[in-house]
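What follows is a single structure, written as structure tokens, with notes after it.
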Amino acid sequence: MALKLFDSLTRQTRELAPAAPDGVFRFYNCGPTVYAPAHIGNFRTFIVNDVLRRLLDLEFPGKVKHVRNLTDVDDRTIGQARAERRPLAEITRHWTALFHADCAALNLLVPHVEPTATGHIPEQVEMIDVLLQKGNAYRSADGSVYFKITSFPQYGALSRIRERELKVTNTAFDADHKDDVGDFALWKAYKPEEDGDVRWPGPGGAFEGRPGWHIECSAMIRRHLGETIDLHTGGVDLLFPHHENEIAQSECCTGTTFARHWYHSEHLLVDGTTMSKSKGNYYTLGDLVAKGYSPTAVRYALLSGHPRKQLNFTLDSLHAAESALKALRRFAQGLGPAGSAEPSALFDPVIRALEDDLNTPAALGALFSAVNAHAPGNAAADRAALDRALGVLGLDLTPPASGAPSAPAEVEDLARRRWEAKKARDFAAADHIRAEIAAAGWSMLDSKDGYRLEPAKKA
RNA sequence: GGCGCGGUAGCCAAGUGGUAAGGCCGAGGUCUGCAAAACCUCUAUGCGUCGGUUCGAUUCCGACCCGCGCCUCCA
């Protein structure tokens, strides 16, 4: 089985394989900026990358090194700290913790390394020093350092920026400091009124300030994965300028290929448009859980579209996901435990769909096709196969732990009375009480020898 | 203006030069005192529009219409 993935640089679907002699597959996924709760659009990318990670684990067992960073110093994190008048580290620590909790709820595997920008300042400064020495970077009047894109002839290969006609605006061109609009900051000189106590010694041991955004990834990759990595991923929005700039600074610094394969997942839209707080279509995982949806359903819904296609997220898609998951749970229960059985081939098409450029919607389709095609016989082996397929998708069928809130005492009391009435075959009374229970916002679900109460479904 | 992506049933969504996976919803049925659940069955002569290539196109080519994203720090 070969794992194929679209490569944003060559615009072709290519096979993934480690290049280094040690056989380790080096995988870097651009992580979040920790200044606010991550929204489900962010999580679409992280979930897609999580499925990728699981596929890689299947393909290269024990030989995958997965790194995902945390951006904990940049304009936005600093801005948030200023707005709240709290130390930067306190802000980023808080949002990192929430991010990790959301990741756990969404069943995301923990990367092998999760480096932070602030934890790698010397590494970043070192790279900037090299770029200055090699003439790929220059220092501006205020002590900032910019990368000179004309010094790197291949600049623009990834984003095809040369074919674009840049809409140049005054705000985009910081004429005071940059030589060229396209140049980007490697190091930003310290500005007391903006940066507060956020500052480090800069290139050459002088020029206090902080790193630009792009250099952190280059430095952390170099430190944790080496000069050449096998796969670099992120959302499409990072393609330009972030990844373009990473390539430039890394390759100029090391003189060798930075990433052998690039992959970008598309944006999540909500209600047909981009998410924004002002439109009221901005969702975090917490928002959706508060509405009663399970994180597993969120994960399922986010996998229901092709990762390289924009996905329009709606609450309806969450309903569909909950229903589909419910059917899968029933099916799994019907099969019983896998025990020590070897997986059957029943769900192989699911894995194959994923190996074919991470086609998650096809994989989900194949999952149900297999369920529908299932014939009784080797339940344990089929269950083992189901578990493996669901494992790669990262779908955990365990029902939500907490769940059912208990009904108020008066509703419990009504239920008890209705049950007695029913047993006495006084159906008129039983139906009357059912209506009362419904009026109180609860549903009474009878079974053969008992009943349970659930909150009535909201419209 | 430039770069890119997409338009497949009520909704979501795969896919292929040879005649449309799958999920949700809905409908009918079985079962159940009722309700719910579960199970069974059904649901696109059609894949934005118009041309072209072809024995044959939803799938290739062209034009057009519509939607969306990006164009300097947003996954």
Side-chain angles (χ1 to χ4, degrees), chain A residues 8 11 29-33 38-49 71 74-76 149 159-169 171-174 178 181-185 188 212-214 233-242 244-245 264-269 272-276 300-301 304-306 308-314 316-328 330 334 349 353 356 359-372 418 422 425-428 430-432 434-435 437-438 443-448 451-452 454 456-457:
Chain A
S8 314
R11 323 197 97 240
N29 172 23
C30 277
T33 301
H39 60 244
I40 56 171
N42 297 313
F43 279 117
R44 176 188 197 193
T45 296
F46 298 133
I47 288 168
V48 164
N49 276 275
T71 296
D74 77 326
D75 290 352
R76 290 177 298 162
I149 62 168
S159 60
R160 305 208 271 166
I161 192 71
R162 283 180 182 148
E163 297 168 36
R164 303 182 184 200
E165 185 180 297
L166 280 185
K167 200 175 6 177
V168 178
T169 62
T171 53
F173 186 21
D174 189 348
K178 289 192 209 178
V181 213
D183 293 350
F184 57 90
K188 294 188 149 189
W213 174 39
H214 316 294
T233 68
V236 270
D237 48 339
L238 297 184
L239 208 139
F240 182 83
H242 186 54
E244 195 69 75
N245 294 351
H264 295 92
S265 44
E266 256 296 349
H267 272 303
L268 183 74
L269 306 180
T273 182
T274 45
M275 249 183 291
S276 76
Y300 185 104
S304 70
H306 191 110
R308 290 194 292 107
K309 252 174 99 170
Q310 291 169 354
L311 173 65
N312 187 24
F313 179 88
T314 59
D316 268 355
S317 66
L318 241 31
H319 282 114
E322 294 282 16
S323 297
L325 285 168
K326 199 169 168 188
L328 286 175
R330 279 199 59 80
D356 182 11
N359 194 334
T360 54
L364 257 16
L367 184 65
F368 280 92
S369 293
V371 166
N372 295 335
R418 181 176 162 275
K422 181 187 166 180
R425 304 195 66 78
D426 181 358
F427 296 125
D431 287 351
H432 182 71
R434 177 185 284 291
I437 291 170
S443 298
M444 180 166 174
L445 306 176
D446 296 0
S447 63
K448 204 167 179 182
Y451 60 87
R452 65 203 159 85
E454 281 186 2
K457 284 185 184 140

What is the distance, rounded to the nearest whole Å, between atom [atom1] of [X] and atom [atom2] of [N]?
X: A/I149; N: B/C71; atom1: CD1; atom2: P; result: 16 Å
X: A/H432; N: B/G33; atom1: NE2; atom2: P; result: 22 Å
X: A/L328; N: B/A38; atom1: CG; atom2: P; result: 13 Å
X: A/Y300; N: B/C12; atom1: OH; atom2: C1'; result: 10 Å
X: A/L239; N: B/G4; atom1: CG; atom2: C1'; result: 10 Å
X: A/H319; N: B/G26; atom1: NE2; atom2: C1'; result: 16 Å
X: A/L269; N: B/C74; atom1: CG; atom2: P; result: 18 Å
X: A/L238; N: B/C71; atom1: CG; atom2: P; result: 11 Å

Determine the contact category for [X]: base if any of its heavy atoms lies under 4.0 Å from a base atom, sugar-phosphate if only primed atoms, P, OP1 or OP2 are that close, otherwise nothing.
X: A/L445; value: base
X: A/R330; value: sugar-phosphate
X: A/R76; value: sugar-phosphate
X: A/D237; value: base
X: A/G235; value: sugar-phosphate
X: A/L367; value: nothing
X: A/G41; value: base

Measure distances between side-chain N and O atoms of [X] and base N and O atoms of [N], and say whether any donor-acceptor pair falls under 3.5 Å.
X: A/D316; N: B/C25; answer: no
X: A/R434; N: B/A35; answer: yes
X: A/R160; N: B/C3; answer: no
X: A/K326; N: B/C24; answer: no

What's the closest nucleotide to the side chain of [X] if the choices are [options]?
X: A/N42; options: B/A38, B/G23, B/A75; answer: B/A75
X: A/S369; options: B/A75, B/A21, B/G33; answer: B/A21
X: A/H267; options: B/G69, B/G22, B/C24; answer: B/G69
X: A/K309; options: B/A14, B/C34, B/C73; answer: B/A14
X: A/D74; options: B/A13, B/A75, B/C74; answer: B/C74
X: A/Q310; options: B/G23, B/G4, B/C34; answer: B/G4
X: A/R11; options: B/A75, B/C5, B/A14; answer: B/C5

For [N], give the paired nucleotide (Watson-Crick: N1-N3 plus N6-O4 or O6-N4; G-U: N1-O2 and O6-N3; both under 3.5 Å), or none.
N: B/A38; answer: B/U30
N: B/G62; answer: B/C50
N: B/A21; answer: none
N: B/U16; answer: none
N: B/U43; answer: none
N: B/C3; answer: B/G69

Using atom [atom1] of each nucleotide, how far apart are [N] and [M] to the nearest Å?
N: B/G22; M: B/A14; atom1: C1'; result: 7 Å
N: B/C42; M: B/C50; atom1: C1'; result: 35 Å
N: B/C68; M: B/U53; atom1: C1'; result: 31 Å
N: B/G7; M: B/A44; atom1: C1'; result: 16 Å
N: B/G33; M: B/A27; atom1: P; result: 23 Å
N: B/A21; M: B/U45; atom1: P; result: 13 Å
N: B/C40; M: B/C55; atom1: C1'; result: 42 Å
N: B/G52; M: B/A20; atom1: C1'; result: 24 Å

Would you mind reporting whether [Y] and [X] have side-chain heavy atoms less than 4.5 Å apart?
X: A/L268; Y: A/F43; value: no
X: A/F46; Y: A/P32; value: yes
X: A/C30; Y: A/H242; value: yes
X: A/N372; Y: A/S369; value: no

Could you check A/H39 against A/R418 and say which one's nearest nucleotide on RNA chain B is further toward the 5' end?
->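 Result of the comparison: A/R418.
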
Residue pair A/L364/A/N359 against RNA chain B: nearer the 5' end by closest nucleotide is A/N359

Below 4.0 Å: OP1/OP2 of [N] and any side-chain N or O of [X]:
X: A/K422; N: B/A35; answer: no
X: A/N372; N: B/G23; answer: yes
X: A/S323; N: B/C25; answer: yes

Exercise: identify the closest heavy-atom pair between A/R44 and A/H306 |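 So the two residues come closest at NH2-O, 2.8 Å.
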
Does the ring of A/F368 meet both stacking tests against the six-membered base ring of B/G22: centre distance under 5.5 Å and plane angle under 30°?
-> no

Expected output: side-chain A/N42 to main-chain A/A38 donor-acceptor under 3.5 Å = no

Under 3.5 Å donor-acceptor, A/T33 side chain and A/R76 backbone |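 Here the side-chain-to-backbone pair does not exist.
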
Derivation and outcome, salt bridge (Lys or Arg N to Asp or Glu O under 4.0 Å), residues A/R418 and A/D446 = CA-CA 10 Å; A/R418 181 176 162 275; A/D446 296 0; 2.9 Å; yes

Once the angle between the rings of A/F184 and A/H214 is folded into 0 to 90°, is it parallel (under 30°), tilted (30 to 60°) or perpendicular (over 60°)?
->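 Because their plane-to-plane angle is over 60°, the rings of A/F184 and A/H214 count as perpendicular.
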
